[in-house]
Each structure stands twice: as structure tokens, then as C-alpha cells.
Participant: 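Below you will find the structure I want to go over with you.
Every chain is numbered from 1, with letters handed out A, B, ... down the list of sequences. Treat the numbers as computed from the prediction; the structure is a model and nothing was measured.
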Amino acid sequence: MKNRSLMLATALLLLPAANVLAADDADVSGSLELGIRAVDDQDNSAKYQEYRDIDDGLFGNLNLNYFKGSYYFGVDGKNIGLDDQSYLFKGGSYGQFDYSIFYDEIPHNLSFGAKSLYSGIGTDMLTINVDPDNEAAWNSFDYSVDRKKYGAEVGASFGSPFFVDVGVSREEKDGLKPLGTGSFSGQVEMPEPVDYETDDLNIAGGFGSTEIMFKVTGMISSFDNNNKSISWTNPFTSATEINTLPPDNDYGKIGANLTWRNLPMMSALLVNGSYSNITNDFSINELNMAAPTGLNQTAFDGDISYSTFSASLVSRPMDQLDTRLFYSYLDKENDSSIIQYTGGSNASHLFDYSKHNLGFDANYNLARHTKLGAGYEFKDVDRNNRHDAETSTDNVLFVKAKNTSLDFMTVKASYTFLDRDADESHDLTGVSITDAEYIAQFVQRFDATTKQKNEIKLALEFYPVKNLDFGLEYAYVNNDYDDVTLGRTEDEGHELYLDFMWRAAQILQVSGFAGYEKYEADSNHYNYQAGAGTPPQTADPTIDDGNPSSYLWTQSLDDDFWTIGLMGQMPLMKDRLRLSLSWQYQQSDGETDFTTEGTSALLPIDEAEDYYITTVEAKALYAVTEKLDMILGYIYEDVEYEDLQYLGYEYQPSGSILTGAYADHDYETHLGYLTVRYKF
Amino acid sequence: MRRKFLTRLSLSLAVFVLLFMGIDQFDRPITLTQAHAAAMDDMGAVCADCHEDLSPAFAQSYHGRAWTGMNSSSTCQSCHGSADKHIDDPSRETIVSYNKDGGRSTEELNKQCLNCHVATSMLSYWEVGAHSRNDVACASCHTIHTSRSSVDQLSVCFTCHRSKRGEISKRSHHPVQEGKVQCSDCHNPHGTQSTHGMINAENVNQLCYQCHADKRGPYVYEHPPVEENCAICHAPHGSRHAKLLTEKVPNLCQDCHDWSRHPGTPYDGKTGFTGSSPSNRFFGRSCLNCHGAIHGSTSFENHAFTR
């Protein structure tokens, strides 16, 4: 609080500075806002403060704009002294150069009041110094990560067609987040220390005219994690174990793009190419790990590169027709070290892929302000070490239409069909039906497997009278995964959103929105333990192995989401007092249903991330003078959350040691505030 | 840390005040030619005769200040076209009007803006972008006659992208409504070379890595969908599921992982903390209770992302 007050007092220094500046024939304007607020129960749930710092006390914002001739300068400061504060200094000379210096903090509060049996929280060494059964003696802490980013950017063209932009920044992340780990001895959740630094340098330069634009870009980025691994005592075995944490990396990228306009048929050609590379290197010793028996090497060199090329040609061969032809290529190459073991097990499999994407589309303007569009797109993906979908080929067709013939209405509609064909390449030589690996040929994964996708979109904008606007947006998406034996077989989504705004002759402005989303997904699964029992369980879900412990089951998800909001603004005293009110409500309802061929019935899940969020906000803005105004405001937020995975939360359920991560869901808060803003 | 920052801020403010003291070196004298000055004065005065409310506001706008500062010859007619007929017949048909009922096509309106702005690098991809090809006018997003130069993205973008307003307010979201992330941090509304979504990168992962550098790897053991496309598991605009996931865990994981023992086991209503068969594969964070290194692992032993 003391520091915050000091910083707000420092900000007040701007007022005399502004007066000094204004005396110099310059145009100086800005504002300084000071506020005080009171909030109850803000610490009950980290979710309330997830990305913000709201607690009792002072807060403030400042803004300053200076103009003199061609030169300008501005300062923006928000939430001064708080954990979500930000500052932006920017200036320049029109048509000559510009610059900015920025500082921004974002808190990410994950869970308050977590507790752990470990000592050394925040370090990379967790030990147990308490009786694990005595939860009262566990150490309390908050899961929270603070992000600070600061840097500067400069751009210059000095009135010429040539330009150059340079930017540098540093991002620091500091805090704790939950890390889960486990083995067959038991499962442990622990606080993982976050202590990251990322330094970026961006450079761009080029030439721009009405006909030709050429730009070269470069980026260097370095990520450092000050904790390479974490050592922890396994409470189930008392052994010291090691978990690895995100690795350091160096990222570099160069790119170039060319835009060439005014070509025949009113065409423009755009060509773009880039190359980027991510590298790192570390040894097993740096991770404080012992070399396992049979390991082929104890050092790792990471090396992943992306090469991209794309080109687009847009044309207008006729007044009514515009076209686009495009091609893009992306190649991800992974040249990192391959870890192998004597005997062949445990080897790492480096994943990389290449993509080609080619398409053509056209829009044609018909009579009566109707525009028709259609297009075709072909995509081919070739993957390494993805045996369930080594290649996939997409053929996409779309049609769309738009009509604006009525002054009071715009209607848009589109339909897209995607047909994906994926090829599998399993090598199951020597694998028997009772081996776990045998099942690989029956698992098709939704992200890359063969499917048909149908998508319909509708949009309507309606202005029946001058002061009333309506809008509607609807989308339907269906994915049908035809060839799936095990995995997701179908998913379907509906989204409907409406909004309106009504302005009643400067007296009242009312706006509102409503939305509904529905998502359903079905999937097939097979429960088995390879080779176990008599007769032995098999890894083939298409046959009956005669063992009742192996069986097929299905799962159906049904998620619904509603939201509705109303906002109103009304002047109570013209140019003096304005009242604003808003209300928003959200409801989410998820269910999971099952069928089974097993002997035990499966119980549906009715509480699957169900929640209700109510927000009410009221504020009155009173203009005391032309330069001084005040806001008196109130905000109410109420969140209720129900999920079977968190109902009846325990810290030591059988076979587990937990910390309370994400267990503090519900909150109900009242916040009142008063601000005074001085404009100069 | 906070004290150190306070010191830095105070020093910055001191530098800032000093900067102003020496600002005259940047203050180029405005040397309007007599012809330009006459044109500006005459047209400005003529337009202001009727549009008296717009004239002072425009002087405070970004364009107004820039034109004055740059000694530009631009006038109201630079954007609104010749006013010769409009002076005699002050209807919307005789001038380039950017109002909804102005009667001009989007292409005509945008041409006025592109006359000056087409040569800026920001608009390198304008022609190929989805906004240009779907008749979005510059004036649909940018308001010229105001002192604000930046677009209030929370209101402007949702005017057309209605579903995104619902998505960013879902329980799991990026800090967009908190003002810490803007639509333009990930998307370039002026067009990009990417064929879908107008994202500010060559592919989704390279975009996400700009903020999530800890997910870049390279890892010893990789999770293929993580390496191909973050959006397979995450819905970046918001989700009713924790961690911006596209489905709830364990459902999302089990859609891909069926194997001997627990990956293929059903976790039903009996497996929560309060159920008759509690399972640490289901309660709490489910699969992530053990598989904490789901984005990749640098362990030299393959523990299925548990280490």
C-alpha cells in the first residue's frame, strides 16, 4: 500500500509538468484519475483475481498527450502500483519516426490457499519434513504466476519510401504452478517453480510504394528457465526423484515478403518466405539425473526448423469478379538427437511434417446487391512418426452468398464441405494379438483421421429504424469420423448469438446480447489388459476374446452454454450526471453418458464443469466541472461451480497426495469504488 | 523488487521531463506554401460553414494533427472527394460519405483511404486478407473524426464477430476482457499471408510460442499433436473447460489414447472423490495428475510424460 501511494504521488508530478509544457505553445491534454475501492472476500477464490489485482485501497490511472508541430508524445499508465499495472510512453514525429517504451504486468492467479507436505516450495528441491498424515502441518502457499514484460520499439522512415523498425523486450515469469507426477506406487501433485526469462529482438526493414512493397524481417529470441529440473521426495517410497521442467531454447527467424500491385487485370501478387530455427542442448547431468542402464547418449541437441513459402495472386479480371489463387508450403524438420536404449525400447520418436496448401476462390457481384462466392482448397500433410495418420489429404469446397439490396438488412450465408482422407502405416511385425501394441491399428485420432466435415454459417444484420440495430450469427459444424474403430466417432456444434442496440433520442441507450452453444461428441473405447486372465485378453476390439474383463464401451458428451447480457445508459442530468447499468449471466451445463458391453453398469456424470456466473455493474458519472468528474460504482460477481472431479475434494485420497490446485472455484464478491478524474 | 521498480519509474519520469525540455530540436517549423494554406483555409472554412461540429473535432484527431504537423496539402476533399457539386447540392449523393446510408460501395470508400495508406507496411497483405475480400470498410473499424487513434477492439471486433464476445467471457479465457490481450496481438485485421484466421504468424504454433516460449521445446520425447497444432487441444478464444481445452479431461485424452490398462478404462460417475470407486485417473486434474509434462519431456527416460 505504501509503495502504491508513493507511485500515485509520483504520478501527480505530471500535473505541474503538464502546466510547464503547455506554456511552451504546445497542445497538452490528459487526465489523472485517482480512486479508492473496497471489496469483500476477494481472497476466497483465485478465479476472481485470475488476471487482475483487485483489493482494498487506492488505485489510479494517468494519461498525457503532447503535440507541438510535427512532434507528439503520450503517456498512458493504468492501475498504477498494482500487480496488473501497465505503462506506455510513445512519441514521434509524423511521417518521420516513432518510438515507444512499455512495461506491463499480468498476474495469473491459479489457486489461493493451496497446501503441500513439501518444504522448499519455490525452489527446485522439495523435501518432506512433516508427518504426511498431519495435513494441519503442511505448508500453505498460493499458485500464481506473475508476468512482467518491458521493452522498447523504434520505427523510422524519415519521409522516404524506406522504413526500418527495431524492437527489444524482456518477459519475466515468476511464481508457482501445479505439477502432477506419479508412478504405480502413487500419484503426487507438487508446486513447480516458475522462473522464466525471455529476451526478444525484432528487426524489420524495407521499401514501400503504391506498386511495390518489400520487407525483410528478423527475430532472435532466447528463453531461459532458471530451474531445469525439480527434485522431490516420493512420499510413497521415500526415494528422491527428478522431474524435468521446460527446457531453455534459442529461437531465430528470418523472413521476407513482397507485394506487387497494379499488375494486369488489376492484380496483386504477394509472396512470402521464412526460415526459423529452435535449438537447445543439455546433458543428463544438468538435469541432476542418473544415466539409466542402456542409454545410448547422455547429451541432447535439440534442433527444429520451419521453412515456409506462400504466394497469393488476387485479381479483378472483370468489374463484377474478383479472384484469388494461393499456395502455401510449410516444412517442419526435426534434427534433434534421437535417444535410444540397448534392446530398442524407450527410444524417442522425432515428429515432423510438411504441408502443401493450394486453393482458388472467386466472388461475383450479381444484380440487386447480391454477391456470390465459391472456392476450392487442397491440403496435403505428410507426417513422420505419426503412424495413425502418416499422410492426410483434404479437399475443401465452399459456397457463400451475401445480399445488401435492402437498406435495412444484410444477409450472409455460407456452406463448407471438407473431405479428409488419411493413410495409416502401422508396422506390427512380430506383434501378437495379446500384446498391448496390437491395438494401434484400431485407434484413429480425430485431429488427423479420415472424416467429412459440414459447416454452415448464417449472419443477419437488421436496422428496422434508424436508432435500432439487430444482429444474428449462427454456425453449425459437424465432423463425421467414418473409419474410426476406437476414438471420437462424431462431434457436432451449434452456436447462436444475437445482439441489439437501441438509442432513444439521447435519453436512453440500451444494448444487449444473448448466446447459446451446444457441443456433442461420441467416442468408442475398449477396456483391456493385454494378455491378462484366462482366456487371455486380446488387444483386438473387433472380436470377442471370451474374457469378460475386456469389453467395448462408448461415451457421449453433451455440453450446453448460455449467456445473456443487458446494458443501459441514461443521462439523469444533461451533461452532468449519467447512469450506467449492466447485467450479465452465464450458465454452463455438461453431461457425460456411457454405454458398456462390460458386466458393470457405468454411471452417467451430471456435473461436468457446470457453472453459473452473474455479474451486475452500476455506475454514476458526475461531471463536477468541465475538467473534473467523478464516478461512483458498484460491481457484484457471483460464481458457482460444480464438477464431479472436484466435489468432496480431498488432499490425500487413496494413492494420491494433492495440493488443492484449482479447487477454489466459487466466489461471491461486492466491490464499491469512487474515482475522481481531473482532465487538463 | 517493487522498490527497485519504483526507483526505475522515478528515473524514467525524470528522463521524460528532460526529454520535453529538449523537444524543440524535433519541432520542425510548419511551412505551408501559400497555395496550400489558401486551399486548406478556404476549403476548411467552406466545409465548416455547414459541418461546424466536425471541424474542431477533426483538428484534434490523428489525421488533423498529422496533416498539420507534416505540412500536408490534404484537405476534407482528400477523403470525401471533390466538394464542387456538394456545395450546390448538399446531399450524400454528391460527396463521398462514410455513413451507413451514404450509398457508396466498400471498394469506393476503401480506395479513398488506400490512396495514402497503401504504401505502408501494415497494409502489405490488405488485398489478400479476409476483411478486404469480404467488403469490410476501413471506416467500419476506424473513426476518423475523433481524437482517439486506436481502435477499441472489444467493441469494434465483436460488432461482426458476435460469437467471440461469448467465448472470451467464458470461465476459461485469455485476459482479453481484462485488457491485457487484444485481438490484434494474435490477428492482423489488415490481412496476413495465412489462409485462415488472419493470424500474425506462419502457423498456429509459431503464434502461440510468441508468448508461451516455454512450450517451444525442443523436447527429448514429443507429443505429436502438441508439435503440430496447439488448437487441436486448446480453444484460444475461450472455453467452458479449464485451461482453454476443447473438451474436458479425461475425455479429450481418451479420444486419442486407448491402450492396455488405464487409458482404455471408463471413468464414470463412481470415480470422483465422493464416488464408490474413487480413481486418481479421474478426480482433480485427472490424466494431468500424473502426466504433468504433457507438452513434452526432457527426461532421458520415456515415462509417458510423467517426468
Side-chain angles (χ1 to χ4, degrees), chain A residues 3 51-52 68-71 93-95 106 179-182 187 198 208-210 213 223 243-244 246-247 249 259 268 270 272 278 284 292 302 304 308 310 312 314 336 346 348 351 386 436 443 445 447 473 486 488 495 497 515 526-527 530 553 563 588 602-603 605 644-645 648 650 655-656, chain B residues 2 10 17 20 26-28 65-66 69-70 118-119 121 124 127-128 162-163 166 171 175 178 180 193 202 213-214 216 218 220-222 224-225 227 232 240-241 248 255-256 258 260-261 264-266 268-270 272-274 278 280 283-284 288-290 292 297-302 306-307:
Chain A
N3 282 343
Y51 297 117
R52 50 191 184 177
K68 188 176 181 187
S70 68
Y71 190 82
S93 177
Y94 294 113
I106 308 178
L179 175 66
T181 186
Q187 176 262 319
T198 308
S209 72
T210 53
M213 169 72 65
F223 169 77
N243 267 52
T244 61
N249 60 63
T259 304
L270 300 95
N272 186 68
I278 310 170
I284 199 166
I304 294 174
T308 69
S310 59
S312 300
V314 288
S336 303
N346 256 346
S348 64
F351 174 76
R386 185 74 201 265
V443 180
R445 298 181 171 94
D447 65 310
E473 183 178 303
L486 298 176
R488 194 185 296 177
E495 284 185 358
Y497 279 86
Y526 182 56
N527 179 82
W553 58 279
T563 180
S588 164
L602 297 174
L603 195 65
I605 295 171
L644 188 65
Q645 289 173 226
E650 296 174 30
S656 291
Chain B
R2 183 60 60 78
S10 303
V17 172
F20 271 112
F26 299 112
D27 184 21
R28 296 180 302 132
R65 291 185 190 280
M70 293 168 68
V118 72
S121 68
S124 294
E127 287 88 347
V128 78
R162 294 182 168 84
S163 62
R171 193 169 175 279
E178 288 83 357
K180 291 296 185 181
Q193 188 67 293
E202 281 78 6
D214 55 310
R216 287 178 191 154
V220 177
Y221 293 101
E222 298 180 324
E227 296 297 320
I232 291 169
R240 56 181 295 279
H241 308 296
K248 186 174 171 57
D255 275 350
C256 292
D258 209 328
S260 179
R261 297 174 181 264
T265 303
D268 68 344
K270 299 190 286 291
F273 287 110
T274 54
N280 60 14
F283 57 59
L288 300 171
N289 283 338
C290 292
S297 169
T298 56
S299 167
F300 280 69
E301 279 186 281
N302 182 3
T306 60
R307 296 291 188 278

Participant: Any sub-3.5 Å donor-acceptor pair from W553(A)'s side-chain atoms to T265(B)'s backbone N or O?
Facilitator: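 Looks like no, no N/O pair under 3.5 Å.
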
Participant: Heavy-atom pairs under 4.5 Å with chain A - which of K248(B), E227(B), R261(B) has more of them than the others?
Facilitator: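 Winner by heavy-atom pair count: K248(B).
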
Participant: Taking atom types as modelled and ignoring hydrogens, do the side chains of T181(A) and Q187(A) form a donor-acceptor contact shorter than 3.5 angstrom?
Facilitator: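 Q187(A) and T181(A) do not have a side-chain donor-acceptor pair below 3.5 Å.
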
Participant: Within the side chain of N289(B), is there an N or O that forms a donor-acceptor pair under 3.5 Å with the backbone of N280(B)?
Facilitator: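 Yes; judged by distance alone, with no hydrogens or angles, the pair exists.
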
Participant: So which of E178(B), K270(B), H241(B) has the largest heavy-atom pair count under 4.5 angstrom toward chain A?
Facilitator: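 Most heavy-atom pairs within the cutoff with chain A belong to H241(B).
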
Participant: What option among C290(B), G166(B), S299(B), A119(B) has the most heavy-atom pairs under 4.5 Å with chain A?
Facilitator: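 It is C290(B).
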
Participant: Please check if the side chain of N243(A) supplies one atom and the backbone of T306(B) the other of a donor-acceptor pair under 3.5 Å.
Facilitator: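 Indeed, once roles are kept as given, a pair shorter than 3.5 Å links the two residues.
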
Participant: Non-hydrogen atoms of chain A under 4.5 Å away: do they reach the side chain of L288(B), the backbone, both or neither?
Facilitator: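 Only the backbone of L288(B) comes within 4.5 Å of chain A.
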
Participant: If I measure from the heavy atoms of chain B, does A268(A) come under 4.5 Å with its side chain, its backbone, both, or neither?
Facilitator: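 Just the side chain, heavy atoms under 4.5 Å.
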
Participant: Does any heavy atom of chain B fall under 4.5 Å from the side chain of E495(A), the backbone, both, or neither of them?
Facilitator: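 Only the side chain of E495(A) comes within 4.5 Å of chain B.
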
Participant: Non-hydrogen atoms of chain B under 4.5 Å away: do they reach the side chain of T244(A), the backbone, both or neither?
Facilitator: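 Both backbone and side chain.
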
Participant: Do you know which of A530(A), S310(A), G302(A) has the most heavy-atom pairs with chain B at a distance under 4.5 angstrom?
Facilitator: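 Most pairs with chain B among the choices: S310(A).
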
Participant: Judged by atom type as modelled, is there a donor-acceptor pair below 3.5 Å linking the side chain of N249(A) to the main-chain atoms of A213(B)?
Facilitator: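 Indeed, once roles are kept as given, a pair shorter than 3.5 Å links the two residues.
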
Participant: Check whether any side-chain N or O of R65(B) sits under 3.5 Å from a backbone N or O of K68(A) as a donor-acceptor pair, and report yes or no.
Facilitator: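 Looks like no, no N/O pair under 3.5 Å.
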
Participant: Where the side chain of T259(A) meets the backbone of L270(A), is there a donor-acceptor pair that is under 3.5 Å apart?
Facilitator: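 Such a contact is absent between T259(A) side chain and L270(A) backbone.
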
Participant: Using a 4.5 angstrom heavy-atom cutoff, name the option from G515(A), A436(A), G95(A) with the most pairs to chain B.
Facilitator: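 Winner by heavy-atom pair count: A436(A).
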
Participant: So which residue, G272(B), P225(B), S297(B), G264(B), ends up with the most heavy-atom pairs under 4.5 Å with chain A?
Facilitator: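 The option with the most such pairs is G264(B).
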
Participant: For chain A, which of C256(B), G292(B), S121(B) has the most heavy-atom pairs under 4.5 Å?
Facilitator: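 Among C256(B), G292(B), S121(B), the one with the most close pairs to chain A is C256(B).
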
Participant: Tell me, out of L603(A), T308(A), N346(A), who's got the most heavy-atom pairs with chain B below 4.5 Å.
Facilitator: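 Going by pairs under 4.5 Å, I would pick L603(A).
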
Participant: In terms of heavy-atom pairs under 4.5 Å, which option from V220(B), I232(B), T274(B) contacts chain A the most?
Facilitator: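 Highest number of pairs under 4.5 Å: V220(B).
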
Participant: Can you tell which part of R386(A) gets under 4.5 Å to a heavy atom of chain B, answering side chain, backbone, both or neither?
Facilitator: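 Just the side chain, heavy atoms under 4.5 Å.
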
Participant: Is the shortest side-chain N to carboxylate O distance from D447(A) to R445(A) below 4.0 Å?
Facilitator: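 No, D447(A) and R445(A) are not salt-bridged.
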
Participant: Any side-chain to backbone donor/acceptor pair from E473(A) onto R162(B)? Under 3.5 Å, distance only.
Facilitator: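 Such a contact is found between E473(A) side chain and R162(B) backbone.
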
Participant: What part of S588(A) is in contact with chain B, defined as an atom under 4.5 angstrom from a non-hydrogen atom: side chain, backbone, both or neither?
Facilitator: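 Both backbone and side chain of S588(A) come within 4.5 Å of chain B.
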
Participant: So what's closer than 4.5 Å to chain A heavy atoms on P278(B): side chain, backbone, both or neither?
Facilitator: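 Contact with chain A is absent: no heavy atom of P278(B) under 4.5 Å.
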
Participant: Heavy-atom cut-off 4.5 Å, strictly under: side chain, backbone, both or neither for E127(B) against chain A?
Facilitator: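 The answer is both parts of E127(B).
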
Participant: For residues Q193(B) and S312(A), report the shortest heavy-atom separation together with the two atoms involved.
Facilitator: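 For Q193(B) versus S312(A), the nearest heavy atoms are OE1-OG, 3.1 Å.
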
Participant: Using a 3.5 Å distance criterion without hydrogens, assess whether the side chain of D214(B) forms a donor-acceptor pair with backbone atoms of P246(A).
Facilitator: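 No, D214(B) side chain to P246(A) backbone: no donor-acceptor pair under 3.5 Å.
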
